[in-house]
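This is a predicted model, so every value here is computed, not measured.
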Amino acid sequence: LDTMKTYFLCLSVLLAQKKFIYHYKNMRWAKGRHETYLCFVVKRRVGPNSLSFDFGHLRNRSGCHVELLFLRLLEAGALYSVGLCYSVTWFCSWSPCSDCSYRLAQFLSQTPNLRLRIYVSRLYFCDPEDSSAREGLRMLQRAGVQITVMNYEDYFYCWQTFVACRQRVFKAWDGLHQNSVQLARKLNDILQPGEAEDWGDAFELLGL
DNA sequence: ATTTTCAAT
């Protein structure tokens, strides 16, 4: 019960502006981001024409990745009860590691009444083409998860929704758009493997 | 060109 109280306490607090900027900045070399934040919205269908919402944020704690903390929260019944339809959208500062992807896919296969959409600010350990993190993302996609790289609008939305912004308008950092485009391209390569080679083949065929 | 990563000290 105390654990649950702690969770609810965490959920009720808005993120500090500096913390949000620091951890969600989508720069290529995100030095020192040894924490991961997860901002979420849980939409619940409680009647034919009515929805209820929960929102908040979590961060990883004591060696537990934030995605698994979120799953624990769901499983503890804090945000979830059987028989209702859910849609969960979360905005994470790092993309999930392979292990979290695996566990999420497992969870989702047992929970058909839950839809998950994941927005990520940066890609976690996805540089090598054969990395398990990349494979994990593909597994999530096959499990029906929509994975997207955050863009300006997404940061804007998060700022309004999860940050103690006190009516201060979100101000983009240098390179936000460029970095987002680059990361989106990379994620696209990860999720649609083979496309690049197809192009290569096409060029070869055309003698280019 | 190169740099980092849900830490470990």
Side-chain angles (χ1 to χ4, degrees), chain A residues 3 6-7 9-11 13-42 55-76 78-79 88-108 116-141 143 145-151 154-155 158 162-163 172-191:
Chain A
T3 325
T6 311
Y7 281 138
L9 205 64
C10 292
L11 304 188
V13 177
L14 291 172
L15 259 168
Q17 298 182 11
K18 279 183 185 169
K19 208 162 247 188
F20 176 78
I21 298 285
Y22 181 73
H23 284 285
Y24 279 86
K25 218 172 201 178
N26 63 355
M27 65 230 270
R28 178 92 177 91
W29 310 108
K31 202 171 184 173
R33 272 65 175 182
H34 295 300
E35 287 177 340
T36 299
Y37 281 78
L38 189 160
C39 296
F40 65 87
V41 178
V42 176
F55 74 97
H57 74 268
L58 294 167
R59 55 158 258 220
N60 63 303
R61 280 177 193 283
S62 54
C64 185
H65 283 194
V66 71
E67 293 89 340
L68 300 186
L69 274 184
F70 186 84
L71 277 193
R72 275 195 210 166
L73 206 57
L74 281 184
E75 285 169 333
L79 299 165
V88 172
T89 303
W90 81 41
F91 302 85
C92 216
S93 52
W94 285 113
S95 62
C97 74
S98 58
D99 184 55
C100 288
S101 293
Y102 177 75
R103 297 217 213 170
L104 280 170
Q106 284 261 310
F107 178 83
L108 291 169
L116 177 61
R117 261 190 307 184
I118 297 181
Y119 290 82
V120 301
S121 192
R122 297 179 305 266
L123 297 170
Y124 185 70
F125 279 113
C126 281
D127 282 344
E129 286 198 15
D130 59 348
S131 68
S132 54
R134 283 188 179 223
E135 188 46 47
L137 294 179
R138 286 191 284 268
M139 190 185 349
L140 274 183
Q141 190 183 43
V145 180
Q146 189 188 313
I147 313 168
T148 314
V149 165
M150 289 174 73
N151 62 19
D154 302 320
Y155 291 113
C158 282
F162 305 107
V163 177
W173 49 83
D174 283 348
L176 181 151
H177 177 67
Q178 248 184 337
N179 295 341
S180 173
V181 167
Q182 210 160 33
L183 287 164
R185 202 173 292 150
K186 187 163 167 182
L187 179 62
N188 192 53
D189 286 347
I190 293 169
L191 297 179

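Between A:Arg103 and A:Asp99, at least one side-chain nitrogen of the basic residue sits less than 4.0 Å from a carboxylate oxygen of the acidic one, meeting the salt-bridge criterion.
For the C1' atoms, the distance linking B:dC6 with B:dT2 amounts to 25 Å, nearest Å. If you take atom C1' in B:dA8 and the same atom in B:dT4, they sit 16 Å apart, rounded to whole Å. B:dT9 and B:dT5: their P atoms are spaced 15 Å apart (whole Å).
Residue pairs satisfying the salt bridge (Lys or Arg N to Asp or Glu O under 4.0 Å) criterion with at least one member in residues 17-31 of chain A, sequence neighbours excluded, are listed as follows: A:Arg28-A:Asp127.
Taking every nucleotide of DNA chain B with any atom under 4.0 Å from a non-hydrogen atom of chain A, the first and last of them, 5' to 3', are B:dT3 to B:dA7.
Considering only residues two or more places apart in sequence or on other chains, A:Glu35 meets the salt bridge (Lys or Arg N to Asp or Glu O under 4.0 Å) condition with A:Arg59. A:Tyr24 pairs by the side-chain hydrogen bond (donor to acceptor under 3.5 Å, both in side chains) definition with nothing, not counting sequence neighbours. Qualifying side-chain hydrogen bond (donor to acceptor under 3.5 Å, both in side chains) partners for A:Arg33, counting only residues two or more places apart in sequence or in other chains: none. Legend: residues meeting side-chain hydrogen bond (donor to acceptor under 3.5 Å, both in side chains) with A:Gln182, ordered by chain and number and at least two apart, are absent. Every residue was checked against the side-chain hydrogen bond (donor to acceptor under 3.5 Å, both in side chains) condition with A:Ser101, not counting sequence neighbours, and none meets it. Not counting sequence neighbours, the partners of A:His23 by the ring pair (Phe, Tyr, Trp, His ring centres under 6.0 Å) test are A:Tyr37.
Interface residues of residues 23-34 of chain A facing DNA chain B, ordered by number: A:Arg28, A:Trp29, A:Ala30, A:Lys31, A:Gly32, A:Arg33, A:His34; criterion, heavy-atom separation under 4.0 Å.
If you check every strand for non-hydrogen atoms under 4.0 Å, A:Ser95 touches a base.
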